[in-house]
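Contents: one structure, followed by commentary.
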There are 2 protein chains.
Amino acid sequence: MLSNKAKYALKALSYLGSKYKEGPVQIAEIAEEKNIPLKFLENILLELRKNEVLDSKKGKGGGYYFAQDPKNVSIAKIIRIIDGPISMLPCVSLYFYKQCDDCDEVSCNLNRVFSEVRDATLKVLEKRSIKDIM
Amino acid sequence: MLSNKAKYALKALSYLGSKYKEGPVQIAEIAEEKNIPLKFLENILLELRKNEVLDSKKGKGGGYYFAQDPKNVSIAKIIRIIDGPISMLPCVSLYFYKQCDDCDEVSCNLNRVFSEVRDATLKVLEKRSIKDIM
DNA sequence: TTAGTAGTCTACTAATTTGGTAGGATAAAA
DNA sequence: TTTTATCCTACCAAATTAGTAGACTACTAA
């Protein structure tokens, strides 16, 4: 399951995407429009900015805006930033690989099936972008 | 990510599957062979029995064994029993459907993409069985 | 130059979930 | 009737999740 945080992130980005190239949008506006706790959303947007998905401007007339075209930002990327790995096992993760401590890749027969799952999942999540949820 | 519990369940079933039709196997044997904490494994196997994946026999010569051919037990089924929903959103889950409390299905545009993800994931997990991880 | 506005940042907290453990009860066999 | 092995309930510690608080910094406009 997606965390609430990731769901909020996607909703906020969907809103920001719909205002792409219309200048900065304030956190408060997004929070109200999308029903997201304001302070929680602050943290989320900050994280997205640090990962260069968004950019921001301070002071009057400031706010957040897309640092790149929303159609080029995949859903997979956002989930990885907010929730971490998409795979169901650490040992088949592409971006968060970690050897399972209780079994090795050779003898453990779970990785074959879960690599297949990962590929199927990523085929959708890498292809779909913020534009698809606007 | 799969929980440890689900990973243990799959490993235990993989072992039991390899002994299908060879009579009951004791928890202790599975635990040792697959490096799973004994008491934790007890709970897991009990849950699988209650869901009619396994059957058991008490007393001497007792143990656990498959209640049906392992090739007919999908990985999806086991994950649902142990971890619950496979979908990334409650509102697109087939077996654990729950309306999102912060958005409705009509206006929320996340469900389209995440239904697609669910379908892709299930295509693998429903097709693959315990036999595939033996 | 000084309000006021809006994001930045660190730290904290409560609730929930995860990953187990403990120990007695029950049932089957010898 | 003792031994063997599962059954079952309850408990616990650690980690994660979901959010809050509050002070700080940067920018804008009067």
Side-chain angles (χ1 to χ4, degrees), chain A residues 1-12 16 23-32 34-67 79 81-85 88 90 96 98 100-102, chain B residues 1-12 16 23-32 34-67 79 81-85 88 90 96 98 100-102:
Chain A
M1 285 268 152
L2 232 47
S3 68
N4 259 350
K5 199 173 175 185
K7 212 157 71 179
Y8 289 154
L10 291 173
K11 286 186 168 199
L16 279 172
V25 181
Q26 289 169 37
I27 302 177
E29 180 182 335
I30 307 171
E32 178 153 10
K34 289 291 182 178
N35 265 288
I36 304 172
L38 179 72
K39 292 297 280 180
F40 197 21
L41 183 57
E42 268 188 25
N43 296 333
I44 294 168
L45 296 179
L46 204 52
E47 214 165 329
L48 291 171
R49 198 204 57 136
K50 281 179 182 163
N51 282 276
E52 288 160 345
V53 170
L54 298 178
D55 213 337
S56 63
K57 228 186 131 192
K58 286 183 178 179
K60 184 159 193 186
Y64 278 95
Y65 50 95
F66 262 93
I79 296 180
I81 290 172
I82 303 295
D83 278 354
M88 301 188 85
F96 300 85
K98 206 176 147 298
C100 293
D101 28 70
D102 50 345
Chain B
M1 286 268 153
L2 277 191
S3 68
N4 259 350
K5 199 174 174 185
K7 214 156 70 179
Y8 289 155
L10 291 173
K11 286 187 167 200
L16 278 172
V25 181
Q26 290 170 36
I27 302 177
E29 180 183 334
I30 307 170
E32 178 153 10
K34 289 292 181 177
N35 266 289
I36 305 171
L38 180 74
K39 293 297 280 179
F40 198 21
L41 182 56
E42 267 188 26
N43 297 332
I44 294 168
L45 296 179
L46 205 52
E47 215 165 329
L48 291 171
R49 198 204 57 136
K50 281 179 181 160
N51 282 276
E52 288 161 346
V53 170
L54 298 178
D55 213 336
S56 64
K57 229 185 129 193
K58 286 183 176 179
K60 185 159 192 185
Y64 278 94
Y65 51 93
F66 263 92
I79 296 181
I81 291 172
I82 302 295
D83 278 353
M88 301 189 85
F96 298 85
K98 206 176 148 298
C100 292
D101 28 70
D102 50 344

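The chains referred to below are lettered A, B, ... by the order of the sequence lines, with proteins before strands, and numbering in each begins at 1.
Between the C1' atom of C/dA27 and the CZ atom of B/Arg49 lies a distance of 12 Å, rounded to the nearest Å. Atom CD of A/Glu42 and atom C1' of C/dT5 are 13 Å apart (whole Å). Taking atom CD of A/Gln26 as the reference point, atom P of C/dT8 lies 13 Å away to the nearest angstrom. Note: NZ (B/Lys5) to C1' (D/dT16) measures 17 Å, nearest angstrom. In this structure, the CD1 atom of B/Ile27 is 12 Å from the C1' atom of D/dT4, given to the nearest Å. Rounding to whole angstrom units, CG of residue A/Leu46 and C1' of D/dC24 are separated by 13 Å. The distance between atom CG of A/Asp83 and atom P of D/dT17, rounded to the nearest whole Å, is 7 Å. Atom-to-atom, CE of A/Met1 to P of C/dT18 comes out at 12 Å; the value is rounded to the nearest Å.
Heavy-atom minimum distance, A/Lys5 versus A/Ile82: CG-CG2, 3.7 Å. Of all the heavy atoms in B/Pro24 and B/Gly63, the pair that sits closest is CB-N, 3.5 Å.
At the phosphate of C/dC9, OP1 or OP2 sits under 4.0 Å from a side-chain N or O atom of A/Lys50. For B/Tyr8 and C/dG20, the shortest distance from a side-chain N or O to OP1 or OP2 is below 4.0 Å. Distances shorter than 4.0 Å separate some side-chain N or O of A/Lys57 from OP1 or OP2 on D/dT28. Between B/Ser3 and C/dT17, a side-chain N or O to OP1/OP2 separation shorter than 4.0 Å is absent.
Residues A/Val25 and A/Tyr64 form no side-chain contact, since every pair of their non-hydrogen atoms from C-beta on lies 4.5 Å or further apart. Contact of the B/Leu2 side chain with the B/Tyr8 side chain is not registered, since no non-hydrogen atoms from C-beta on lie closer than 4.5 Å.
Using a cut-off of 4.0 Å between Lys/Arg side-chain N and Asp/Glu carboxylate O, B/Glu42 and B/Lys39 are scored as salt-bridged.
Both A/Lys58 and A/Lys39 sit near DNA chain D, but only A/Lys39 has its closest nucleotide nearer the 5' end. Looking at which nucleotide of DNA chain D each of B/Asn43 and A/Lys60 is closest to, the 5′-most match is held by B/Asn43.
The pairing partner recorded for C/dA25 is D/dT6, the criterion being a Watson-Crick or G-U wobble arrangement whose two distances lie under 3.5 angstrom.
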